[in-house]
Amino acid sequence: MANARKRARQRRRAKSLISSIREFLTAEVFKQVRNSSRRRKSPRWDLHPLLYILVLTTYCCGDSLPEKFEAARVFYVASCSKRKRPGGHFSGFEKAVAKLPMPILRTLAAGIRGRIQAIFSDRWKVGNFIPLGCDGTRQACPRTAELEQRLGTFGKEGSPPMIWNTSIVHLTLGFPLCWRLGKGGKASERSHLIFMLRWLPAAALIVADAGYVGYEVAAAMIMAKVLFLIRMSSNATFYSEANEPLDEFREGIVYYWPKTQQNAGKPPLRGRLMRIHSSRHKADVWLFTNVEDPQQLPLETAGDCYRWRWENEGFFRTYKRTLKKVTLMSRTLRLVHREVEASMIATQLLLCQGALAMPAPTPQTDSLPVMCSPRGVLLEARR
């Protein structure tokens, strides 16, 4: 009897791709999405098939968007046979996507973030923190006149139009939590990070490279009560209370106070500076954090967290290479924005399903979660 009750309490295992996706795209999430879709007046495409097919095209094989649409539509019709059949022509689907308001996709992403916090609440902490890495990448777009005029080109002459994608990724589970888009040549990844602070869970620890060094970024995270661990560049200005020689410095309380902020009358930022030595590298790594207690964030743990930051690069490799998003396919700005948002949601769902399928670490072993194979999960989804 006790075993029967225990089995009843256990979470059901997903039997198909559609049921696995429904763990995140629940009825409550779609209710929130529909409440944000009041701008859609008498649409020919219902939101359910439109969003599902838009997301599923990311997983489908095909050299063009019409081929991906055909495969995604056939799968949706077979999996949701009780629902009204969606339109059968790609031209109608593309027009419906172009008319889809962006707040609908952002509401969908917010609903999935809520589901992620509920599903992974007992396994996404490492010690006292939720380690999250922040980094950015560029994606090329087709060379259409509209995209070249609206997005511009980046750097070298003859470069295609670019879009910038700044993403916050869980460093031990591998899936993205949130993202922000901008122009490829003019976007500020620091501004993107400051904007995304509102979406972070409690106990989040942002781990970032020297590209995020800046008084405004650190001040915004301190104001938002978000913990951070940022690699500092050699031109950062710090002041310490102890008169300790630089060669002997390992860690201690310092004040971050660049000359520009001193002249502007802004206060110094108090934090802890750590010097990480690695036998494999000649130069030491200097990390600045607002976690002042060494017992809460020891020097060795800080070094491990910074090494995990490379999971950001692993995510971008999965997104751009495995899912073939190095170059986007849409040819107008409206469609490019919707393609990126939908493909990021699709990648998030794919990696979340992979992380959910991996065995959870036990408290006895105190080990890190086992990372899934993104390509293996994609092949299983296609199968």
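FYI, side chains are in, hydrogens and waters are out, and symmetry mates aren't considered; it's all heavy atoms of this structure.
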*Close side-chain approach of Ile163 and Lys183, heavy atoms under 4.5 Å*: no
_Keeping Arg231 on the side-chain end and Ala210 on the backbone end, is there a donor-acceptor pair under 3.5 Å?_
no
*Would you indicate whether the side-chain heavy atoms of Leu132 and Leu171 approach each other to under 4.5 Å?*
no
*Check step by step if salt bridge (charged side-chain N to carboxylate O under 4.0 Å, His left out) holds for Arg250 and Asp284.*
CA-CA 10 Å; Arg250 289 288 293 173; Asp284 294 339; over 6 Å; no
*asked:* For Thr57 and Leu65: C-alpha separation, side-chain torsions, deciding distance, then whether side-chain contact (heavy atoms from CB on, under 4.5 Å) applies.
replied: CA-CA 8 Å; Thr57 52; Leu65 288 175; 5.8 Å; no
_If we ignore hydrogens and angles and just use 3.5 Å, is the side chain of Glu94 paired with the main-chain N or O of Phe90 as donor and acceptor?_
no
*Verify salt bridge (charged side-chain N to carboxylate O under 4.0 Å, His left out) between Arg272 and Glu251, making sure each step is shown before the conclusion.*
CA-CA 7 Å; Arg272 181 163 145 246; Glu251 63 175 314; 2.9 Å; yes
*Which pair of heavy atoms, one from Gly88 and one from Phe69, lies closest together, and at what distance?*
O-CE2, 4.0 Å
*Looking at side-chain heavy atoms only, is the closest gap between Phe288 and Val213 below 4.5 Å?*
no
*asked:* Could you measure the distance from the CE atom of Met221 to the CG atom of Leu229? Nearest 0.5 Å is fine.
replied: 10.0 Å
_Check: Phe75 ring centre within less than 6.0 Å of Tyr52 ring centre_ = no
*Any donor-acceptor pair under 3.5 Å linking the side chain of Trp257 with the backbone of Lys266?*
yes
*Using atom types as modelled and distance alone, determine if a side-chain donor or acceptor of Arg115 lies under 3.5 Å from a backbone N or O of Glu23.*
yes
*asked:* Taking the six-membered ring for Trp, are Phe228 and Tyr212 closer than 6.0 Å centroid to centroid?
replied: no
*Is a side-chain donor-acceptor pair under 3.5 Å present for Thr332 with Glu146?*
no
_Within the 3.5 Å criterion, strictly below it, is a donor on Glu341 or Trp179 matched to an acceptor on the partner's side chain?_
yes
*Where do Phe316 and Arg321 land on the side-chain contact (heavy atoms from CB on, under 4.5 Å) test, with the steps shown first?*
CA-CA 8 Å; Phe316 285 133; Arg321 298 295 177 180; over 6 Å; no
_Parallel, tilted or perpendicular: ring planes of His170 versus Trp124, cut at 30 and 60 degrees_ = parallel
*So, Ser81 side chain and Val77 main chain: donor-acceptor pair closer than 3.5 Å or not?*
no
*Verify ring pair (Phe, Tyr, Trp, His ring centres under 6.0 Å) between Phe315 and Phe175, making sure each step is shown before the conclusion.*
CA-CA 7 Å; Phe315 161 71; Phe175 54 75; 9.9 Å; no
*More than 12 heavy atoms from other groups under 6.0 Å of CG on Asp63*: no
*asked:* Looking at every heavy atom in both Cys305 and Leu205, which two are closest together, and how far apart are they?
replied: SG-CD2, 4.2 Å
_Show, in sequence, the C-alpha distance, side-chain angles and deciding distance for Glu189 and Thr166, and conclude whether the side-chain hydrogen bond (donor to acceptor under 3.5 Å, both in side chains) test is met._
CA-CA 6 Å; Glu189 52 187 337; Thr166 305; 5.1 Å; no
*Can Arg270 and Glu292 be counted as an ion pair, charged N to O under 4.0 angstrom?*
yes
_Could you check whether atom CZ of Arg382 has more than 12 heavy atoms from other residues, nucleotides or ligands sitting under 6.0 Å from it?_
yes
*Just by distance, do the side chain of Ser20 and the backbone of Ser16 share a donor-acceptor pair under 3.5 Å?*
no
*Write down the atom of Gly174, the atom of Val169, and the distance for their closest heavy-atom approach.*
O-CG1, 3.7 Å
*Is Val370 linked to Leu173 within one hydrophobic cluster, defined over Ile, Leu, Val, Met, Phe, Trp and Tyr using a side-chain heavy-atom separation of less than 4.5 Å?*
no
*First locate atom CZ of Arg317, then atom CZ of Arg375, and finally report the distance between them rounded to the nearest 0.5 Å.*
10.0 Å
*List the steps, then state whether salt bridge (charged side-chain N to carboxylate O under 4.0 Å, His left out) holds for Asp209 with Arg309.*
CA-CA 8 Å; Asp209 208 346; Arg309 191 196 61 81; 3.4 Å; yes
*Is the cationic atom of Arg113 (NZ for Lys, CZ for Arg) positioned less than 6.0 Å from the six-membered ring centroid of Trp199 and within 45 degrees of its normal?*
yes
*Is there a side-chain contact between Leu333 and His337, using heavy atoms and a 4.5 Å cut-off?*
yes
*Any sub-3.5 Å donor-acceptor pair from Lys68's side-chain atoms to Cys60's backbone N or O?*
yes
*Looking at CD1 of Ile345 and CZ of Phe24, how far apart are the two atoms once the value is rounded to the nearest 0.5 Å?*
13.0 Å
*Aromatic ring proximity, centroids under 6.0 angstrom, Tyr239 and Tyr255*: no
*Verify the distance criterion only: is there a donor paired with an acceptor across the side chains of Ser330 and Glu339 at less than 3.5 Å?*
yes
*Do you know the tightest heavy-atom contact between Gly211 and Arg190?*
O-NE, 3.1 Å
_For a 4.5 angstrom cut-off between non-hydrogen side-chain atoms, does Ile206 reach Val226?_
yes
*Over all heavy atoms of both residues, which pair between Leu147 and Pro142 is shortest? Give the atoms and the distance, please.*
CD1-O, 3.5 Å
*asked:* Determine whether a donor-acceptor pair (N or O, by modelled atom type, separation under 3.5 Å) exists between the side chain of Thr347 and the backbone of Ser343.
replied: yes
*How about Leu151 and Cys141: do any of their side-chain heavy atoms sit closer than 4.5 Å?*
yes
*Looking only at heavy atoms, what is the nearest atom pair of Leu193 and Cys134, with distance?*
CD1-SG, 3.8 Å
*Tyr256 versus Gln261, side-chain donor and acceptor atoms under 3.5 Å*: no
*Check: Leu100 and Leu51 side chains under 4.5 Å, non-hydrogen atoms*: yes
*State whether Glu70 and Arg73 are salt-bridged, where the test is any N-O pair (Lys NZ or Arg NE/NH1/NH2 against Asp/Glu carboxylate O) under 4.0 Å.*
no
*Interatomic distance, Arg307 atom CZ to Glu311 atom CD [nearest 0.5 angstrom]*: 15.0 Å
*Cation-pi, Phe195 ring and Arg198 (6.0 angstrom, 45 degrees)*: yes
*asked:* Is it true that Lys320 and Thr137 share a donor-acceptor pair across their side chains at a distance under 3.5 Å?
replied: yes
*Rounded to the nearest 0.5 Å, what's the gap from CD on Glu380 to OG on Ser373? Could you check?*
11.5 Å
_Are Tyr76 and His48, when compared by the centres of their aromatic rings, separated by less than 6.0 Å?_
yes
*Going hydrophobic residue to hydrophobic residue with side-chain gaps under 4.5 angstrom, can you get from Trp308 over to Leu299?*
yes
*Passes side-chain contact (heavy atoms from CB on, under 4.5 Å), Gln139 versus Trp164? Steps please.*
CA-CA 6 Å; Gln139 294 173 262; Trp164 183 268; over 6 Å; no
